[in-house]
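Below is one structure, written out as structure tokens; comments come after it.
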Amino acid sequence: MKNFTQSLLTLWNQLGLNQRVSLFVATVAVAGGLVGVVVWSQRPDYQLLYARMGEKDAAGVISHLQTLNIPHQLTAGGTGVLVPANMVHKIRMDLAGKGLPSGDGVGFEIFDKGQFGLSDFVQRTNYLRAVQGELSRTIMQVAGVRAARVMIVQPENRLLLTENGVKSTASVFVDVGGGRLEADQVNAIRHLVANAVQGLSPDLVAVVDNRGRTLSEDLKSDPMLGSANSQMRYRQQVEDYYSKKVESMLATVIGAGNAVVRVAAEIESEATTQTSEKFDPDGQVVRSQTQTKDTTNSQEARAGGGATGVSSNVPEKAGTTAGAENRPTSLSEQSRENRTTTYEINRVTTNTTRNPGTVKSLTAAVFVAPRTVPGAPGADGKPAAPQIQKRTQQELDAIRQIVINALGLKPVAGQSLDAVVSIQETEFQGIDPQIIQAETARANTGGMQVYLELLNRWGGFAAAAVVLLVFWRMLGKEKPEVVPVEVLSLPAEVTARAAAAAGANVTPEMLNELIRQKPANVGTALRDWVAAGAAPAGKN
């Protein structure tokens, strides 16, 4: 080995400067290449975990990988994730258990890339997919919705329609976990989907949650109030509207929380159609008029000669004919007029159709809390407890009349409005004079209760800090005790030499033996000796 090293040194000395630099650069390049090959060979093999994910899914997947300290890489602008090849299947199973990725579907980005040669059916299918994806993404923004999917069915666009009654429908599946959506949220989802699809009404949108419950069944509008559920829901809406209307008005006058109003409504649930006809004989008018006029004139005159023909030339009839011709002529004249007039009697036909939902009658029950007046201050100047003051009957009647006017009630024959609106003054359970007195005392103390609450919350920490500070100061005043030098056993010759040395407590041999047996004690003793020797010097 020594000869090999010597030969290398001899060779290095024989090389020129350029040769030495070239050899050094080559050596560094080869070493760097070897290191790079080793590092590259130890690099894990990354494979694709998921691709074309949405922003929300990508953020959830990356957060899970960072929590488990799993190396990963992002591709395709953050929409794809690469992980080590030996962990792909395990990570996919873990993410599937957490519902990632949720798969919100493709949106209108499907049209970002131009595609030529597609049929009209494929284009309409892509548009429907885009609408479903965009609606799913929007619904997932609703509070309480973890995932959502939208399915839309539209009638086929044909030139010759054979079924005109086919309408667009939609189904929405929402994953709410273990929660529950409010009726307003479900109604918002129905109207959101209906307004995004042409020809779709909210009643044709079904909303189903992950527990298999149909959330939209009770929200369908029933203008005819055919089902009992629709009737009860409509009645509840009417009663809540009138109750809040009166209660908010009374709260402004007598104070919030001092009035409770409940209204009961009777709703017409049947549809009726009424037809009536009314005739007015005094209001007759001429409908048609016919007038006919006939005039007849007749006149006869004496003839000047016999009749023409064979009979006038017969001799035996000549006398008869001559006598007839000598008779006088008769004249006649006749005139006739006929008039027909038809009158129409005034008739009024009324068709009245009443849909269900008409409020037939209202009744209200009102509870009013008594007034509280501040008590007179005592001798010590402190205010007394508030006193309860009952209202007079005139005041209660005035409140009743206000409620009647607010509800729009009108007097009915044989019924008193006092029986329709009942009002009663009573003490509420939530209002206690002692509580009122406590609140008054709290207001008079100038917010002292706030400081008491802060003291109750942070007093324990403050006391612990004070105890720790006192203990620290007491510990600082304590001086450390001198640690004696303990020797387990010393050889006889060392002890003899120490005894022979006059005026010396510790000999080098004894010190060496002490260091060998207990180094910690010797180190402590040396520090004490140095401190004891430095103190007098500092004083001088």
Side-chain angles (χ1 to χ4, degrees), residues 53-61 63-64 94-109 128-154 167-245 247-248 262-263 265 267 357:
M53 293 186 299
E55 297 180 356
K56 185 177 180 180
D57 291 337
V61 171
S63 176
H64 177 75
D94 295 340
L95 292 175
K98 294 182 175 294
L100 292 174
S102 59
D104 51 357
V106 65
F108 281 106
E109 63 272 7
L128 194 61
R129 290 178 57 196
V131 172
Q132 293 177 165
E134 294 293 339
L135 287 175
S136 300
R137 297 174 181 177
T138 306
I139 293 173
M140 283 192 293
Q141 304 300 322
V142 178
V145 178
R146 297 172 54 185
R149 294 196 64 182
V150 180
M151 287 73 72
I152 300 174
V153 178
Q154 286 185 321
K167 298 181 180 180
S168 301
T169 58
S171 301
V172 182
F173 174 81
V174 291
D175 183 4
V176 296
R180 187 180 181 89
L181 293 180
E182 299 293 336
D184 295 340
Q185 294 175 309
V186 178
N187 203 22
I189 293 175
R190 293 171 61 240
H191 283 81
L192 175 66
V193 176
N195 292 329
V197 180
Q198 183 180 6
L200 181 61
S201 62
D203 291 338
L204 297 179
V205 179
V207 182
V208 183
D209 65 356
N210 56 327
R211 294 185 179 182
R213 296 174 299 187
T214 305
L215 306 180
S216 59
E217 186 64 26
D218 296 338
L219 299 178
K220 292 183 179 180
S221 60
D222 188 3
M224 301 303 294
L225 298 180
S227 62
N229 191 13
S230 301
Q231 296 178 10
M232 292 299 297
R233 185 171 65 251
Y234 179 74
R235 179 177 180 180
Q236 183 180 3
Q237 293 175 357
V238 172
E239 292 176 350
D240 291 343
Y241 167 74
Y242 283 109
S243 299
K244 292 179 181 179
K245 178 181 179 181
E247 193 168 342
S248 60
R262 293 295 181 268
V263 176
I267 307 299

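Note that the numbering runs from 1 along the sequence shown for the chain.
The local environment of CD in Gln237 is crowded, with over 12 non-hydrogen atoms from other residues, nucleotides or ligands closer than 6.0 Å.
Shortest non-hydrogen contact noted between Met140 and Arg146 is SD-O, 3.9 Å. Residues Gly199 and Ser168 share a closest heavy-atom pair of O-CB, 4.1 Å. Here the closest non-hydrogen pair linking Ala206 and Ser216 is CA-OG, 3.4 Å. When all heavy atoms are compared, the tightest approach of Val186 to Leu215 is CG1-O, 3.7 Å. Between Ala194 and Ser201 the shortest heavy-atom distance is CB-C, 3.8 Å.
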Donor-acceptor pairs are to be reported for all side-chain atoms of residues 176-185 against protein atoms at under 3.5 Å, with residues two or more places apart or in another chain.
| residue | atom | partner | partner atom | Å |
| --- | --- | --- | --- | --- |
| Gln185 | OE1 | Glu182 | N | 3.0 |
| Gln185 | NE2 | Ala143 | O | 3.2 |

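Annotation: the span from Asn210 atom CG to Asp175 atom CG amounts to 4.5 Å, rounded to 0.5 Å.
For the pair Ile139 and Val193, the minimum side-chain heavy-atom distance is below 4.5 Å. Under the 4.5 Å side-chain criterion, counting only non-hydrogen atoms from C-beta, Arg262 is in contact with Glu247. Within the 4.5 Å cutoff, the side chain of Leu135 has heavy atoms near those of the Ile152 side chain.
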**Message:** Set out, in order, the CA-CA distance, both residues' side-chain angles and the distance that settles side chain to side chain contact (heavy atoms under 4.5 Å, CB included) for Met151 and Thr169, then state yes or no.
**Reply:** CA-CA 9 Å; Met151 287 73 72; Thr169 58; over 6 Å; no
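Looking at Glu134 and Arg137, a side-chain N of the basic residue comes within less than 4.0 Å of a carboxylate O on the acidic one, giving a salt bridge.
Judged by distance alone, the side chain of Ser243 and the main-chain N or O of Val263 form a donor-acceptor pair under 3.5 Å. For the pair His64 (side chain) and Gly60 (backbone), a donor-acceptor distance under 3.5 Å is absent.
Take Ala265 and apply the side-chain contact (heavy atoms from CB on, under 4.5 Å) test, not counting sequence neighbours, and it matches Val238, Glu239, Ile267, Leu362.
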